[in-house]
> 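Below is the structure I would like to discuss, written out as structure tokens.
We use all heavy atoms of the structure for the numbers below, so side chains are in, but hydrogens, waters and symmetry mates are not. Residues: numbered from 1 along the sequence shown.
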Amino acid sequence: MSVLPIVTYDDEVLRQKAEPVTELTDEVQELIDDMFDTMYNSDGVGLAAPQIGELLRIFVCDADPMVDDEQDVPEYGPIAMINPEITFQSEEEVDMDEGCLSIPGVNASVSRPERIVVEYRDKNFNPQKLEVGGWLARVIQHEHDHLEGILFLDHLSLFKRKLLSSKLNEIAEGKKEIDYPVVPKKAKT
């Protein structure tokens with residue numbers, strides 16, 4: 001198992017739609033293991049395959065660290081989702097602060113549905129269906145967006161994105177100090 005470098009927000013791979021996984025192979029299993037290692041090493045709660053440069057419809061998550069011990073919320077532990085489809089989103093939306101391992105040091109409030117139903121294949125490629133709310137619903141929606149080529153910044157107003165532009169430029173120029181491996185900034189030609 002390995003810790004892989006994470007691509008930053010200005011990499012074109014994050015704007016592409018990921019391809020479905022057609023079969024469970026040793027390579028897919030190894031990728032999932034590496035994604036968990038990478039996510040935990042980076043102190044993240046979710047990581048999508050495009051964030052490590054792989055255009056596959058896979059993400060891993062573990063929202064349990066976000067759950068307050070005093071809340072009466074179930075813990076789910078680490079989850080790998082292959083080919084996830086969000087089949088239901090509640091009309092009720094909630095604003096919560098989001099960040100992203102591909103956009104280090106940038107956080108903003110994003111409105112998303114409070115509850116969702118997601119259907120996916122687990123790490124053994126067995127079909128699963130999960131209805132969740134709270135932090136896990138938030139993380140799943142965020143990571144699912146990555147599979148569609150969408151970043152949490154896309155949910156912000158133009159004004160809010162403008163306010164974040166200096167931080168984004170710092171990341172794009174490779175000037176942001178990041179305490180986990182990232183793909184080196186590509187030289188502009």
> Quick one, Y9 and C100 - any side-chain contact, counting heavy atoms below 4.5 Å?
no
> Give me the atom names and distance for the closest heavy-atom approach of P78 to F36.
CB-CE2, 3.5 Å
> What residue pairs, at least two apart or across chains, pass side-chain hydrogen bond (donor to acceptor under 3.5 Å, both in side chains) with a residue in residues 151-164?
R15-D154, D145-H155
> Of all residues at least two apart in sequence or in a different chain, which pass the salt bridge (Lys or Arg N to Asp or Glu O under 4.0 Å) check with K17?
E148
> The criterion is ring-ring contact (aromatic ring centres under 6.0 Å, His included); which residues satisfy it with H146, sequence neighbours excluded?
H142
> Hydrophobic clusters join Ile, Leu, Val, Met, Phe, Trp and Tyr when side-chain heavy atoms are under 4.5 Å apart, directly or via other members; which others share one with F88?
V117
> Does the side chain of Y120 reach to within under 4.5 Å of the side chain of I79, using non-hydrogen atoms?
yes
> Check whether any side-chain heavy atom of M39 lies under 4.5 Å from a side-chain heavy atom of F59, and answer yes or no.
no
> Taking salt bridge (Lys or Arg N to Asp or Glu O under 4.0 Å) as the test, write out the residues that go with E54, two or more places apart.
none
> Kindly state each residue pair satisfying salt bridge (Lys or Arg N to Asp or Glu O under 4.0 Å) with at least one member in residues 126-139, sequence neighbours excluded.
E98-R138, R115-E131
> Just to verify, what does A18 make a side chain to side chain contact (heavy atoms under 4.5 Å, CB included) with, not counting sequence neighbours?
P50, R57, L147
> Determine the sole option in L47, V139, V45 for which the side chain to side chain contact (heavy atoms under 4.5 Å, CB included) test with C61 is passed.
V139
> Return each pair, listed once, that meets side-chain hydrogen bond (donor to acceptor under 3.5 Å, both in side chains) where at least one residue sits in residues 77-91; pairs must be two or more places apart or across chains.
none
> List in chain and number order the residues that pass side-chain hydrogen bond (donor to acceptor under 3.5 Å, both in side chains) with D95, two or more places apart in sequence or in another chain; answer none if no residue qualifies.
S111
> Answer yes or no: is there a side-chain heavy-atom contact under 4.5 Å between L156 and L163?
no
> Are side-chain heavy atoms of V21 and R121 found at a separation under 4.5 Å?
no
> With a 4.5 Å cut-off on side-chain heavy atoms, are S102 and L14 touching?
yes
> Taking all atoms of both residues into account, what is the closest heavy-atom pair of G46 and Q51, and its distance?
O-OE1, 4.4 Å
> Excluding sequence neighbours, so at least two apart, what forms side-chain hydrogen bond (donor to acceptor under 3.5 Å, both in side chains) with T38?
none
> Run the side-chain donor-acceptor check on residues 174-183: report pairs under 3.5 Å with partners two or more places apart or on a different chain.
unit_1, atom_1, unit_2, atom_2, d
K175, NZ, E173, OE1, 3.1
Y180, OH, L101, O, 2.7

> Kindly say whether A137 contributes a backbone atom to a donor-acceptor pair with the side chain of Q141 at under 3.5 angstrom?
yes
> What pairs of residues pass the salt bridge (Lys or Arg N to Asp or Glu O under 4.0 Å) test when at least one of them lies in residues 33-42, not counting sequence neighbours?
none
> When you look at V118 and V132, which way does the side-chain contact (heavy atoms from CB on, under 4.5 Å) test go after all the steps?
CA-CA 8 Å; V118 61; V132 293; 5.5 Å; no
